[in-house]
**Q** 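Let me begin by handing over the structure; questions about it come next.
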Amino acid sequence: MIPGPPTFARIEALPLYGLSSSGDAGVSGFWAGYRAAADLGPSPTLTEVWQDAGGVFLFLGRQPSDFAAFDATLKEMLPRLAPGGGLRVLWLANPEDSPGYWQMKMLFASATGAGGHIAWAVQRPALFPLGGYAVEVRRGAALTQAAAALGYGIAVDATHVSFLAPGGGFPA
């Protein structure tokens with residue numbers, strides 16, 4: 001049985017929210033959350049976070065030791081990372097590193113519509129290496145909330161995804 005949807009909880013008085021399912025990753029120190037663009041209150045739902053057009057999903061290799069300092073750095077870096085906006089997902093190996101040394105992977109997506117009618121599309125190709133393998137998400141891929149039967153998360157239009165391996169590339 002798949003548990004209910006993950007929840008988000010505001011950290012201090014920051015626009016940062018911790019994701020309740022971070023511990024499910026099984027990776028020591030891993031932290032997942034969200035940096036909101038709008039005031040989403042103390043505990044927004046997954047749907048409310050999904051509809052926050054300027055926010056960024058965060059996947060960090062380790063939890064920041066000082067969330068306020070991390071948020072201040074992230075706030076300063078976001079316009080540099082995404083001058084035109086659209087940064088939707090940020091994988092960051094170590095938030096404690098100086099920003100010039102951040103090892104990161106980014107997924108850019110643009111939103112059309114608003115509220116319950118918001119739609120997301122990947123703006124530019126993204127590559128996520130995993131050892132000798134990688135997942136490629138091509139420009140134009142539709143992003144949606146995954147159905148509860150799949151376990152919650154972000155679903156990607158499979159016609160725009162490939163799995164890359166030493167033997168070649170394979171469509172999703």
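These numbers were taken from a predicted model, which means no experiment stands behind them.
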**Q** Please check: side-chain N/O of Arg138 versus main-chain N/O of Thr159, any donor-acceptor pairing under 3.5 Å?
**A** yes

**Q** Shared ILVMFWY cluster between Val56 and Leu60, side chains joined below 4.5 angstrom?
**A** yes

**Q** Does Leu46 share a hydrophobic cluster with Tyr34, counting links as ILVMFWY side-chain heavy atoms below 4.5 Å and allowing steps through other members?
**A** yes

**Q** Which atoms form the tightest heavy-atom contact between Pro166 and Gly132, and what is the distance?
**A** CD-O, 3.6 Å

**Q** So do Thr144 and Val156 actually touch side chain to side chain, heavy atoms under 4.5 Å?
**A** no

**Q** Compare all side-chain heavy atoms of Pro6 with those of Tyr152 and state whether any distance is below 4.5 angstrom.
**A** yes

**Q** Applying side-chain contact (heavy atoms from CB on, under 4.5 Å), name anything that partners Glu76, two or more places apart in sequence or on another chain.
**A** Arg80

**Q** Counting C-beta onward and ignoring hydrogens, is there a side-chain heavy-atom pair between Ile118 and Trp50 closer than 4.5 Å?
**A** yes

**Q** Determine the minimum heavy-atom distance between Pro42 and Pro44, stating which atoms define it.
**A**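 Nearest pair, atom of Pro42 first, then Pro44: C-CD, 3.9 Å.
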
**Q** Work out which heavy atom in Ala37 is nearest to a heavy atom in Asp52; give both atom names and the distance.
**A**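 That closest heavy-atom pairing would be N-OD2, 2.9 Å.
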
**Q** For Arg139, is there any backbone N or O sitting under 3.5 Å from a side-chain donor or acceptor partner on Arg124?
**A**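 No; zero donor-acceptor contacts below 3.5 Å.
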
**Q** If you measure from CZ on Phe57 to CG on Leu87, what distance do you get to the nearest 0.5 Å?
**A** 11.5 Å

**Q** Glu96 side chain to Ser65 main-chain N or O, any donor-acceptor pair under 3.5 Å?
**A** yes

**Q** Can you confirm if the aromatic rings of Phe163 and Phe170 lie within a centre distance of less than 6.0 Å?
**A**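 Distance test on ring centres: not under 6.0 Å, no.
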
**Q** Working to the nearest 0.5 Å, report the span between OG1 of Thr7 and CG of Leu19.
**A**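 Taking OG1 in Thr7 and CG in Leu19, the distance rounds to 7.5 Å.
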
**Q** Measure the spacing between OG of Ser20 and CZ of Phe8 and express it to the nearest 0.5 Å.
**A**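 Rounded to the nearest 0.5 Å, the OG-CZ separation comes out at 7.5 Å.
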
**Q** Less than 4.5 Å apart, any side-chain heavy atom of Trp120 and any of Arg88?
**A**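 The answer is yes, as the side chains (C-beta and beyond) meet within the 4.5 Å cut-off.
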
**Q** Would Arg62 and Trp31 count as a side-chain contact (heavy atoms from CB on, under 4.5 Å) if you check the C-alpha gap in whole Å, the side-chain angles of each, and the deciding distance to 0.1 Å?
**A** CA-CA 6 Å; Arg62 56 187 285 199; Trp31 185 86; over 6 Å; no

**Q** Counting only N and O atoms by type, is there a donor-acceptor contact under 3.5 Å from the side chain of Asp157 to the main-chain atoms of His160?
**A** no

**Q** So, the side chain of Trp102 versus the backbone of Asp97: is there a donor-acceptor pair under 3.5 Å, distance only?
**A** yes

**Q** Might you work through the side-chain contact (heavy atoms from CB on, under 4.5 Å) test for Asp39 and Arg10, ending with a clear yes or no?
**A** CA-CA 10 Å; Asp39 183 358; Arg10 177 175 273 158; 2.8 Å; yes

**Q** Write down the atom of Ala172, the atom of Ala158, and the distance for their closest heavy-atom approach.
**A** CB-O, 3.7 Å

**Q** Mind checking the CD-CG spacing from Gln51 to Leu40? Nearest 0.5 Å is all I need.
**A** 10.0 Å

**Q** So Gln145 and Ile154, do their side chains get closer than 4.5 Å, heavy atoms only?
**A** no

**Q** Quick one: hydrophobic cluster around Leu127, which other residues, with the 4.5 Å side-chain cut-off, linked directly or via members?
**A** Leu164

**Q** Hey, are the side chains of Leu107 and Leu143 touching, using non-hydrogen atoms and a 4.5 Å cut-off?
**A**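 Yes - at least one pair of side-chain heavy atoms lies under 4.5 Å apart.
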
**Q** Would you list the pairs meeting ring-ring contact (aromatic ring centres under 6.0 Å, His included) in which at least one residue belongs to residues 72-93, sequence neighbours left out?
**A**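 Residue pairs with at least one partner in residues 72-93: Phe59-Trp91, Trp91-Phe128.
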
**Q** Can you name the closest pair of heavy atoms from Phe108 and Ala82 and give their distance?
**A** CE2-CB, 3.4 Å

**Q** Would you find more than 12 non-hydrogen atoms of other residues, nucleotides or ligands less than 6.0 Å from Glu12 atom CD?
**A** yes

**Q** Verify side-chain contact (heavy atoms from CB on, under 4.5 Å) between Gln103 and Asn94, making sure each step is shown before the conclusion.
**A** CA-CA 7 Å; Gln103 296 175 33; Asn94 184 359; over 6 Å; no

**Q** Linking I/L/V/M/F/W/Y whenever their side-chain heavy atoms sit closer than 4.5 Å, directly or via other members, would Leu14 and Met77 fall into one cluster?
**A**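 Leu14 clusters together with Met77.
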
**Q** Determine whether a donor-acceptor pair (N or O, by modelled atom type, separation under 3.5 Å) exists between the side chain of Tyr17 and the backbone of Ile11.
**A** no

**Q** Do Phe30 and Met104 land in one hydrophobic cluster if side-chain heavy atoms of ILVMFWY residues count as linked below 4.5 Å?
**A** no

**Q** If every non-hydrogen atom of Gly140 is compared with every non-hydrogen atom of Ala121, which pair is closest and at what distance?
**A**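 For Gly140 and Ala121, the tightest heavy-atom pair comes out as O-CB, 4.5 Å.
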
**Q** Go through the steps to decide whether Val89 and Leu58 satisfy the test side-chain contact (heavy atoms from CB on, under 4.5 Å), and finish with yes or no.
**A** CA-CA 6 Å; Val89 179; Leu58 302 168; over 6 Å; no

**Q** Nearest 0.5 angstrom please: Glu48 CD to Thr45 OG1, how far?
**A** 3.5 Å

**Q** Report yes if some heavy atom in the side chain of Met106 is under 4.5 Å from a heavy atom in the side chain of Leu81; otherwise report no.
**A** yes

